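Here is how names work: the chains are called A, B, and so on, in the same order as the sequence lines, proteins then strands, and each is numbered from 1. Note that the structure is predicted; figures quoted are calculated from it, not measured.
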There are 2 protein chains.
Amino acid sequence: MNKMQTLSKNQQIIFDLIDKSPEPLKAYTILFNVQKKGIKAPLQVYRALDKLVEMGKIHKIESRNAFIACHNSSCQVAKATAFSICEICEKITEISSAGLSKYLTSFKDKDGMKYSKYNLEFFGLCKKCR
Amino acid sequence: MNKMQTLSKNQQIIFDLIDKSPEPLKAYTILFNVQKKGIKAPLQVYRALDKLVEMGKIHKIESRNAFIACHNSSCQVAKATAFSICEICEKITEISSAGLSKYLTSFKDKDGMKYSKYNLEFFGLCKKCR
DNA sequence: TACATAATGTTATATTATAACAATAACTTT
DNA sequence: AAAGTTATTGTTATAATATAACATTATGTA
């Protein structure tokens with residue numbers, strides 16, 4: 001009854017590439033880099049990306065249309081993501097803060113709406129660029 | 001020495017449209033709706049959108065590529081935005097919570113990085129869709 | 001007036017993402 | 001193993017989102 005834990009061929013190829021990249025990758029950058037492995041069409045990339053996001057193996061940086069591997073406690077927080085983005089060098093880091101995720105996970109707005117998921121992107125200057 | 005407070009012709013047209021829309025608008029929806037006013041090209045729309053975002057008159061909902069007018073204390077929080085998004089009906093609301101913005105504005109990650117800007121998107125089900 | 005800056009108009013093109021359909025592989029129940 | 005089901009793949013075409021480059025006009029300022 002379990003969801004499949006293993007990755008399919010295309011998913012594995014694309015995950016490996018993202019996972020070993022020091023920076024978030026864009027879909028067409030990924031496509032270019034996996035063409036030698038037989039993945040030829042955008043849709044093949046986007047399908048794998050969709051599944052990987054669903055599984056929590058990777059996250060999408062919405063403001064950059066780029067994908068980064070999850071390094072946050074084995075991806076158990078796929079539904080509660082926070083990133084820091086340096087506006088100069090574009091260094092992007094996933095934030096793991098128990099306090100932050102606790103605060104946001106339990107946040108209720110004034111309509112009493114409670115949320116099942118959030119994505120937070122912080123912008124500023126990293127150490128090096130300051 | 002003041003930045004121009006008044007909107008240019010195209011900016012005004014596009015702001016008016018977004019401001020009176022009950023839901024976020026996409027760039028090409030905007031384009032379609034302002035063609036009768038003489039705005040014919042995507043670039044004219046994107047340029048106005050860029051400026052309006054810069055001024056804090058509108059915000060971009062990154063996960064939806066859509067634009068919404070700011071209704072948050074005369075747009076003084078253009079750099080600290082939070083939205084709630086219903087995943088069924090796509091109703092999108094800007095969240096005004098002093099507590100939330102205080103918490104996030106003063107948030108420091110473990111590198112001591114402090115942020116000048118953030119964008120937060122919450123996902124869940126609104127009252128009606130629950 | 002002259003200078004500088006912001007906004008506009010226009011064409012072309014780049015970038016990001018999905019639709020539609022056919023085929024194959026993997027899992028499940030018998 | 002056979003039959004049914006679901007996930008994945010392959011492929012072509014196209015939709016949706018966004019920017020480059022360049023010429024012109026309007027606006028604000030010295």
dA7(C) phosphate, OP1 or OP2: any side-chain N/O from Lys51(B) under 4.0 angstrom?
yes
Here's a test of your reading of the structure: between Pro42(A) and Ala48(A), which maps to the more 5' nucleotide of DNA chain D?
Ala48(A)
Taking atom types as modelled and ignoring hydrogens, do the side chains of Glu62(A) and Ser63(B) form a donor-acceptor contact shorter than 3.5 angstrom?
no
Could you please name the option among dT16(C), dT11(D), dT10(C) that lies closest to any side-chain atom of Asn65(A)?
dT16(C)
What integer distance in Å separates Lys37(B):NZ from dG9(C):P?
14 Å
We want to know whether Glu121(B) and Asn119(B) form a side-chain donor-acceptor pair, criterion being a heavy-atom distance below 3.5 angstrom.
yes
If I take atom CG in residue Leu49(A) and atom C1' in nucleotide dT16(C), what distance separates them, rounded to the nearest angstrom?
12 Å
Describe, as an angle rounded to 10 degrees, how the axis at the first end of the helix from dT1(C)-dA30(D) to dT30(C)-dA1(D) is tilted relative to the axis at the last end, five pairs per end.
50°
Rounded to whole Å, CD1 of Ile14(A) lies from C1' of dT9(D) at a distance of 12 Å
So which nucleotide from dT8(C), dT12(D), dT11(C) ends up closest to the side chain of Ala41(B)?
dT11(C)
Got Asp109(A) and Tyr115(A) here, is their nearest side-chain heavy-atom distance under 4.5 Å?
yes
N/O (side chain, Tyr46(B)) to phosphate O (OP1/OP2, dT19(D)) under 4.0 Å
no
Could you work out, with salt bridge (Lys or Arg N to Asp or Glu O under 4.0 Å) as the rule, every residue matching Glu90(B), not counting sequence neighbours?
Arg64(B)
Shortest non-hydrogen contact from Ser116(A) toward Lys79(A)
O-CB, 3.8 Å
Looking at Ser8(A), I'd like to know whether one of its side-chain N or O atoms comes within less than 4.0 Å of OP1 or OP2 on dA25(C).
no
State whether the side chain of Thr105(B) and the backbone N or O of Lys102(B) hold a donor-acceptor pair below 3.5 Å, judged by distance alone.
no
Hey, quick one: are Leu125(A) and Met113(B) part of the same hydrophobic cluster, counting side-chain heavy atoms closer than 4.5 Å, chains of contacts allowed?
no
Using whole Å, what does the distance between atom P of nucleotide dA7(C) and atom CZ of Phe15(B) come to?
16 Å
Under a side-chain separation threshold of 4.5 Å, the hydrophobic residues clustered together with Ile92(B) are Ile61(B), Ile68(B), Phe83(B), Ile85(B), Phe123(B)
Between P of dA7(D) and CG of Leu52(A), the distance in whole Å:
16 Å
Let's see if you can work this out: which of dA18(D), dT8(D), dG10(D) has an atom nearest to the side-chain heavy atoms of Lys60(B)?
dA18(D)
Looking only at non-hydrogen atoms, find the nearest pair between Phe122(B) and Leu100(B) and report the distance.
CE1-CD2, 4.3 Å
Starting at atom CG of Leu43(A), determine the distance to atom P of dT12(D), rounded to an integer number of angstrom.
12 Å
Contacts under 3.5 Å, N or O only, protein and nucleotides 14-16 of chain D:
none

Verify the contact: side-chain N or O of Asn10(B) to OP1 or OP2 of dG9(C), cut-off strictly under 4.0 Å; return yes or no.
yes
Atom pairs under 3.5 Å: protein N/O with N/O of nucleotides 23-26 of chain D:
none

Using atom CG of Asp50(B) as one end and atom C1' of dA6(C) as the other, report the distance to the nearest whole Å.
14 Å
Where do Cys86(A) and Cys126(A) come nearest, in terms of heavy atoms and distance?
SG-N, 3.4 Å
Can you find a side-chain donor-acceptor pair between His71(A) and Glu94(A) that sits under 3.5 Å?
no
Extract all donor-acceptor atom pairs below 3.5 Å that involve side chains of residues 29-47 of chain A and protein atoms in other chains or at least two apart in sequence.
{"from": "Asn33(A)", "atom 1": "ND2", "to": "Thr29(A)", "atom 2": "O", "distance (Å)": "2.8"}
{"from": "Gln44(A)", "atom 1": "OE1", "to": "Lys40(A)", "atom 2": "N", "distance (Å)": "2.8"}
{"from": "Gln44(A)", "atom 1": "OE1", "to": "Ala41(A)", "atom 2": "N", "distance (Å)": "2.9"}

Integer-rounded Å distance: dG10(D) C1' and Gln44(A) CD:
6 Å
